[in-house]
Asks: 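This is the structure I want to talk about, given as structure tokens.
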Amino acid sequence: MAKQRVKFTFPPQLVQEPIIWRLGKNFNVVTNIRRADVTETQGWVVLELEGDMEEIERGIKWVEEQGVRVDPVPGDIMEG
Amino acid sequence: MSFAKSLRCRECGRLYPLEPIYVCEFCFGPLEVTYDYEALRRHISRRRIEGGPYTIWRYRDLLPVEGEPVDIGAGFTPLLPAPRLGKALGLRHLYIKNDCVNPTWSFKDRVVSVAATKAREFGFDTLACASTGNLANSVAAHAARAGLRALVFIPADLEMGKVVGSAIYGPTLVAVEGSYDDVNRLCSELAERYPWAFVNINVRPYYAEGSKTLGYEVCEQLGWRIPDHCVVPVASGSLFTKIYKGMKELAWLGLVEWRPLRMTAAQALGCSPVVEAWERKSYDIRPQRPNTIAKSLAIGNPADGYYALRVLNESGGYGVAVSDGEIVEGMRLLAETEGIFAETAGGVVVAALKRLAQAGSFAPDETVVAFITGAGLKTREAVEGVLPEPVVVRPTIASFEEAMARRQGALMASKGQGW
């Protein structure tokens with residue numbers, strides 16, 4: 001089993017959508033929220049995903065397709 | 001011996017031992033090095049520092065390392081009074097902290113020198129990073145010096161010209177096909193999987209501390225005094241927060257007297273998530289897709305953006321985002337007035353100074369320090385098309401004089417003076 005820490009950033013139109021619940025329901029991935037800040041207009045959630053690496057990657061791809069930005073927890077790693 | 005005590009989560013305050021970890025197991029907040037300041041205060045003095053080497057390692061007591069430094073001579077770069085640039089902008093006490101003159105021509109040598117030292121201390125055999133330029137150059141150079149293997153991840157579409165400054169040191173360069181986001185994600189996964197010292201992932205808490213030395217140096221070079229105003233380019237936000245931390249530490253340790261210090265953040269308009277949040281009066285950073293010539297500042301989702309905003313607000317500084325045109329103008333102005341050819345990030349800083357000066361944001365007697373963090377030869381393409389062509393002459397006096405008279409006329413006409 002692999003684990004991956006990620007940050008989801010939600011645009012205003014997706015704040016009310018149960019994206020994380022669907023991720024856990026549609027993919028064989030355990031979601032574990034550690035920190036979040038969600039208001040009516042925006043939101044981010046830092047969470048851990050646990051499952052097979054391929055399933056996690058499929059899940060992340062689906063989340064991105066919904067319009068959510070997915071980043072590694074440390075922020076951008078590539079620097080100038 | 002080091003005075004570093006532990007790693008502390010910047011969010012929930014949990015403490016961790018000094019190991020190659022970067023994130024709090026509980027809340028996934030970032031970790032930062034803490035020190036035994038009481039013991040440090042008894043040990044450190046201006047004289048002790050002044051007797052040290054002319055590199056960042058004169059501040060070794062304030063850095064989290066135990067072993068022999070991996071030292072290629074980073075730091076103790078000139079702090080130059082900038083009267084001609086100051087006059088052009090209307091600033092009486094302007095200084096340039098010229099970090100162009102580091103061994104690989106950018107401030108990254110400060111952070112990588114600490115990261116490489118720590119990597120060797122932890123027993124890693126590989127130093128890794130993902131970079132389009134400055135960081136890659138520095139990691140490759142320090143790994144060579146330390147006898148470590150260097151692994152440098154670059155985007156596959158990076159021009160070869162940018163790669164030479166890293167390739168010469170003999171690293172393994174890995175060109176990743178995909179977007180910057182793909183490179184970020186791949187590196188974050190690789191860092192979990194392999195036992196490497198990834199400078200800005202698992203050794204980031206130590207790496208970031210290297211930037212404090214810029215703050216120490218400026219104070220020491222001003223005669224152990226904190227300036228009134230620092231204007232700093234912001235990418236991940238780490239440099240910005242650590243310059244502030246460094247100056248605060250000197251005050252806690254009784255080496256300088258604390259005084260109000262404004263920290264101003266300069267970003268390129270095409271990638272300005274910190275300034276954008278500051279303008280909204282929010283602490284919520286909205287990630288951006290970078291689109292600017294200031295590639296060394298092109299971090300759309302800055303790791304320390306939130307903490308940079310806190311420093312910006314706490315210190316009463318300004319957020320300034322400048323256009324690509326202003327950046328080029330800033331690079332030229334700095335070069336033409338002070339003889340310093342900075343990369344695009346330097347143009348960002350000078351353009352921000354100009355904006356603030358025009359808006360009357362500086363008090364007449366303020367001591368202002370502009371942080372110039374990398375050398376211009378790294379981003380030549382930014383100015384290549386805008387610089388004047390040479391005056392071409394035949395090898396005769398007559399031809400020379402005729403050409404110069406023509407040029408003089410053109411210059412005066414461009415200034416609206418005519419003959």
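Since we're looking at a predicted model, the values are computed, not measured. Numbered from 1 within each chain, the chains take letters A, B, ... in sequence-line order. Only heavy atoms go into these numbers, but all of them, side chains included; no hydrogens, no water, no symmetry mates.
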Asks: Could you look at B:Glu343 and say if it's the side chain, the backbone, both or neither that has a heavy atom under 4.5 Å from chain A?
Replies: neither
Asks: A:Glu48 versus chain B, heavy atoms under 4.5 Å apart: side chain, backbone, both or neither?
Replies: both
Asks: Using heavy-atom distances under 4.5 Å, tell me whether B:Asn134 contacts chain A through its side chain, its backbone, both, or neither.
Replies: both
Asks: Inspect the surroundings of CG in B:Asp182 and state if more than 12 heavy atoms from other residues, nucleotides or ligands are less than 6.0 Å away.
Replies: yes
Asks: Out of B:Ala298, B:Gly133, B:Ser296, B:Pro287, which one racks up the most heavy-atom pairs below 4.5 Å with chain A?
Replies: B:Pro287
Asks: If you count the non-hydrogen atoms of other residues, nucleotides and ligands that lie under 6.0 Å from CH2 in B:Trp105, is the total more than 12?
Replies: no
Asks: Please report the closest heavy-atom contact between A:Val73 and B:Phe28, naming both atoms and the distance.
Replies: CG1-O, 3.7 Å
Asks: More than 12 heavy atoms of other residues, nucleotides or ligands under 6.0 Å from OH of B:Tyr194: yes or no?
Replies: no
Asks: Hey, mind stepping through B:Glu192 and A:Arg5 against side chain to side chain contact (heavy atoms under 4.5 Å, CB included) and telling me if it holds?
Replies: CA-CA 10 Å; B:Glu192 294 291 326; A:Arg5 300 160 180 155; 3.7 Å; yes
Asks: I'd like to know whether CD of A:Gln13 has more than 12 heavy-atom contacts from other residues, nucleotides or ligands below 6.0 angstrom.
Replies: yes
Asks: Look up atom CD1 in A:Ile77 and atom CG in B:Leu135, then write down how far apart they are to the nearest 0.5 Å.
Replies: 11.5 Å
Asks: Taking A:Gly80's backbone N and O only, do any of them form a donor-acceptor pair with B:Ser131's side chain (distance below 3.5 Å, no angle check)?
Replies: yes
Asks: Which residue out of B:Asn137, B:Val199, B:Asn200 racks up the most heavy-atom pairs below 4.5 Å with chain A?
Replies: B:Asn200
Asks: Give the member of B:Val23, B:Thr132, B:Leu297, B:Asp304 that has the highest number of heavy-atom pairs under 4.5 Å with chain A.
Replies: B:Thr132
Asks: Heavy-atom distance under 4.5 Å to chain A: side chain of B:Phe198, backbone, both or neither?
Replies: side chain
Asks: Are more than 12 heavy atoms from other residues, nucleotides or ligands located less than 6.0 Å from atom CG of A:Asn28?
Replies: no
Asks: Looking at A:Gly75, is its backbone amide N or carbonyl O close enough to the side chain of B:Asn301 to form a donor-acceptor pair, meaning the two atoms are under 3.5 Å apart?
Replies: no
Asks: Considering residues, nucleotides and ligands other than B:Arg185, do more than 12 of their heavy atoms fall under 6.0 Å from its CZ?
Replies: yes
Asks: Heavy-atom distances under 4.5 Å only: say whether A:Val6 touches chain B with side chain, backbone, both or neither.
Replies: neither
Asks: Where on B:Tyr22 is there a heavy atom nearer than 4.5 Å to chain A: the side chain, the backbone, both, or neither?
Replies: side chain
Asks: Mark yes when over 12 heavy atoms from residues, nucleotides or ligands other than B:Arg380 sit less than 6.0 Å from its CZ; otherwise mark no.
Replies: no
Asks: Is B:Asp284 close to A:Trp44 at the side-chain level, that is, under 4.5 Å between some pair of heavy atoms?
Replies: yes
Asks: Where on B:Ile299 is there a heavy atom nearer than 4.5 Å to chain A: the side chain, the backbone, both, or neither?
Replies: both
Asks: Where do B:Arg289 and A:Arg69 land on the side chain to side chain contact (heavy atoms under 4.5 Å, CB included) test, with the steps shown first?
Replies: CA-CA 11 Å; B:Arg289 298 251 173 257; A:Arg69 180 172 168 135; 3.7 Å; yes
Asks: Checking B:Asn184 side chain against A:Asp76 main chain: does a donor-acceptor pair fall under 3.5 Å?
Replies: no
Asks: Which bit of B:Lys108 comes within less than 4.5 Å of chain A, counting heavy atoms only: side chain, backbone, both or neither?
Replies: side chain
Asks: Between A:Glu79 and chain B, with a heavy-atom cut-off of 4.5 Å, which part of the residue counts as in contact: side chain, backbone, both or neither?
Replies: both
Asks: Verify, without hydrogens or angle tests, whether A:Arg34 (side chain) and B:Glu25 (backbone) share a donor-acceptor contact under 3.5 angstrom.
Replies: yes
Asks: Does B:Arg193 have more than 12 heavy atoms from other residues, nucleotides or ligands lying within 6.0 Å of its CZ?
Replies: no
Asks: Counting only heavy atoms closer than 4.5 Å, note whether A:Ile33 contacts chain B via side chain, backbone, both or neither.
Replies: neither
